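Here the structure comes first, spelled out in structure tokens, and everything after it is commentary.
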Amino acid sequence: MSTFDIVGLCGSLRAASINRQVLTLAGELMPAGMNLEVAEWRDVPVFDADEMARGLPPPVAALRERIRRADGVLIATPEYNFSIPGGLKNVIDWVSRGDDQPLAHKPVAIVTASPGPVGGARVQYDLRKVMLFLNAMVLVKPEVFIGGAAAKFDPSGRCTDETTRKFVGDQMRAFEQWIAGVRRMRAPA
Ligand SMILES: Cc1cc2nc3c(=O)[nH]c(=O)nc-3n(C[C@H](O)[C@H](O)[C@H](O)COP(=O)(O)O)c2cc1C
């Protein structure tokens, strides 16, 4: 059985980020055939086309290459002001440029968490729209919105809510199938 290499992107840089905890949870609940590594993007500068024309900044080049190598990308993000956190959008903007942008045809899964009641539902659809433009292959279902998330993780960052654990586990199993399906679809006849 092949192992799918999954790169995680967290929309929050906060040390105690719930979404970072969600990525850890997803990594734990992934089927045996998947492996998660969370990519760091703290050093990615604000997008500047002039700077891009001079050459990709090393953190951007490294992230693009990491995504290119991966079998899938898992994004866990909060919602900021009903939409995509600026830092994450900036990272996507850097990654998105050029004919060789690595999100094209890349399987992507999205999960959002918020202390609020709707669990980042609004950012999810904005992110899906952006991924659509980039030709990413976004897993449609199950959608996972973790509302009231602050109460669902203990101080050590472990998810204590069985329903959340089940949803995230189900999504990871579906993501494995999705990656396998995209691979079959793209295989030469
Ligand atoms: C600038 C900003 C805007 C926010 N806007 C929203 C929002 O629109 N919807 C929401 O549910 N939570 C919003 N929040 C609260 C975040 O969901 C909350 O801070 C969450 O814990 C951040 O995710 P993290 O724990 O992964 O860092 C906002 C927080 C910040 C800092």
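Atoms within a ligand are numbered from 1 in the order they appear, just like the ligands themselves. Just so it is clear, the structure is predicted and the values come from calculations on it, not from any experiment.
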Keeping the roles fixed (side chain from Gln124, backbone from Gly119), state whether a donor-acceptor pair exists under 3.5 Å.
no
Please tabulate, one line per pair, the protein nitrogen or oxygen atoms found under 3.5 angstrom from a nitrogen or oxygen of ligand 1, with distances to 0.1 Å, or say none if there are no such pairs.
residue, atom, partner, partner atom, Å
ligand 1, 5 (N), Glu79, O, 3.3
ligand 1, 5 (N), Asn81, N, 2.8
ligand 1, 8 (O), Glu79, OE2, 3.4
ligand 1, 8 (O), Asn81, N, 3.1
ligand 1, 8 (O), Phe82, N, 2.8
ligand 1, 9 (N), Glu79, OE2, 2.8
ligand 1, 11 (O), Ser114, OG, 2.6
ligand 1, 25 (O), Arg14, NH2, 2.7
ligand 1, 25 (O), Ile18, N, 2.9
ligand 1, 26 (O), Ser17, OG, 2.6
ligand 1, 26 (O), Ile18, N, 3.3
ligand 1, 26 (O), Asn19, N, 3.0
ligand 1, 26 (O), Asn19, ND2, 2.8
ligand 1, 27 (O), Ser12, OG, 2.7
ligand 1, 27 (O), Arg14, NE, 2.9

Sequence-distant partners of Phe153, ring-ring contact (aromatic ring centres under 6.0 Å, His included), two or more places apart
none
Verify whether one side chain among Ser17 and Asn19 offers a donor that lies under 3.5 Å from an acceptor in the other.
no
Taking CZ in Phe167 as the centre, count heavy atoms belonging to other residues, nucleotides or ligands within less than 6.0 Å. Is the count above 12?
no
Inspect the contact between Asp71 and Lys106 and indicate whether a charged nitrogen and a carboxylate oxygen are less than 4.0 angstrom apart.
no
Below 4.5 Å, heavy atoms only, C-beta onward: do Gln171 and Lys141 meet side chain to side chain?
no
